[in-house]
Amino acid sequence: MPDSLQKNDKTFLEEVERRSGQHMVECYQCGNCTAGCPFNFAYDLPVSKIMRLVQLGQREAVLSCHSIWLCASCQTCTARCPNNIDVAKIVDVLRHMAREAGYATERNVKAFGDSFLASVKKHGRLHELGVAVGYEMRTGRFLTDIDLAPTMIGKGKLSIRPHHLHGADKVAGIFNRFNEGNHD
């Protein structure tokens, strides 16, 4: 047995269940989540295996996998689960836990998420140009998509200035409360 499978973290399952509000022990590995996942072809671990590894307390194997970062949160896995487990919510929780533990196996996905959240925190809603610039700054992919900008601006899909949102300070307050440690 590989060393990584011998490290059983009994608190991992409890933590995932507490944070997601789901009862993972009800998963009996039917594989419907994996069969329906449109991104399974790109995953290093199929969804059903992730569920099983969480049940077994394999924290490192789960949090260091690429699959949790590639999930599109399309909810197909959740819709197909015969036990009504919100699998997409569990994957989202795993992504949060991976970030907290310092795992970011898909650097560009994390960079996009960070840019998106920074924009929403600052403006109260998404500013597409700000997200694009933030993403390029975080990834070092300067000007890779600059050829798309004139067309998008012309069609009104990419505004130069952020739209004003009444109540943007309340959105920033949500981020502040989260940063104070109220993650649940």
Using distance only, find each side-chain donor-acceptor pair of residues 32-43 under 3.5 Å and give its atom names and separation, not counting sequence neighbours.
unit_1	atom_1	unit_2	atom_2	d
Thr34	OG1	Val47	N	3.4
Thr34	OG1	Ser48	N	2.8
Thr34	OG1	Ser48	OG	3.0

Side-chain donor-acceptor distances from residues 149-159 under 3.5 Å, at least two apart:
unit_1	atom_1	unit_2	atom_2	d
Ser159	OG	Arg161	O	2.9

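Across Ile85 and Cys27, no two heavy atoms sit closer than the pair CD1-N, 3.5 Å. Closest non-hydrogen pair, Leu45 versus Ser67, comes out as O-OG, 2.8 Å. Shown here for Phe116 and Val131, the closest heavy-atom pair between the two residues is CA-CG2, 4.0 Å. Heavy-atom minimum distance, Val120 versus Leu126: CG2-N, 4.2 Å. Pairing each heavy atom of Gln55 with each of Met24, the nearest pair is NE2-O, 2.7 Å. When all heavy atoms are compared, the tightest approach of Val16 to Ile90 is CG1-CG2, 4.0 Å.
Formation of a donor-acceptor pair under 3.5 Å by the Ser119 side chain with backbone atoms of Ser115 is not found in this model. His127 places a side-chain N or O within donor-acceptor distance of the main-chain N or O of Gly130, the cut-off being under 3.5 Å.
Interatomic distance, CD of Gln58 versus SG of Cys65, reported as 12.5 Å (0.5 Å rounding). Between the CZ atom in Arg177 and the CD atom in Glu180 there is a gap of 8.5 Å [rounded to 0.5 Å]. One finds the NZ atom of Lys121 at 11.0 Å from the CZ atom of Phe178 (value rounded to the nearest 0.5 Å).
With a 6.0 Å radius and a threshold of 12 heavy atoms from other residues, nucleotides or ligands, His66 has its NE2 atom above the threshold.
A heavy-atom distance below 4.5 Å is found between the side chains of Arg19 and His96. Contact of the Pro46 side chain with the Lys49 side chain is registered, since non-hydrogen atoms from C-beta on lie closer than 4.5 Å. Between Val54 and Met51 there is no side-chain heavy-atom pair separated by less than 4.5 Å. Within the 4.5 Å cutoff, side-chain heavy atoms of Asn108 are placed close to those of Tyr135. Leu165 places none of its side-chain heavy atoms less than 4.5 Å from the side chain of His123.
One hydrophobic cluster, built from ILVMFWY side chains closer than 4.5 Å, holds both Val25 and Val87. Hydrophobic clustering of Ile, Leu, Val, Met, Phe, Trp and Tyr side chains at less than 4.5 Å, counting indirect connections, keeps Phe12 apart from Leu56. Taking hydrophobic clusters as Ile, Leu, Val, Met, Phe, Trp and Tyr residues chained together by side-chain heavy-atom distances below 4.5 Å, Phe112 does not share a cluster with Leu129. If you chain together hydrophobic residues whose side chains sit under 4.5 Å apart, Val109 and Ile50 fall into the same group. Cluster membership check: Ile160 shares its hydrophobic cluster with Ile146, using side-chain heavy-atom separations under 4.5 Å among Ile, Leu, Val, Met, Phe, Trp and Tyr.
Counting only residues at least two apart or on different chains, the salt bridge (Lys or Arg N to Asp or Glu O under 4.0 Å) pairs with a member in residues 58-85 are Asp9-Arg59, Glu15-Arg59.
By the 4.0 Å N-to-carboxylate-O rule, Asp92 lies close enough to Arg95 to be salt-bridged with it.
Residues satisfying the side-chain contact (heavy atoms from CB on, under 4.5 Å) criterion with Tyr28, sequence neighbours excluded, are Cys30, Pro82, Asn83. Taking Lys110 as the reference, Trp69, Arg99, Ala104, Asp114 meet the side-chain contact (heavy atoms from CB on, under 4.5 Å) condition, with sequence neighbours excluded. Residues satisfying the side-chain contact (heavy atoms from CB on, under 4.5 Å) criterion with Gln75, sequence neighbours excluded, are Thr78, Asp86, Ala88.
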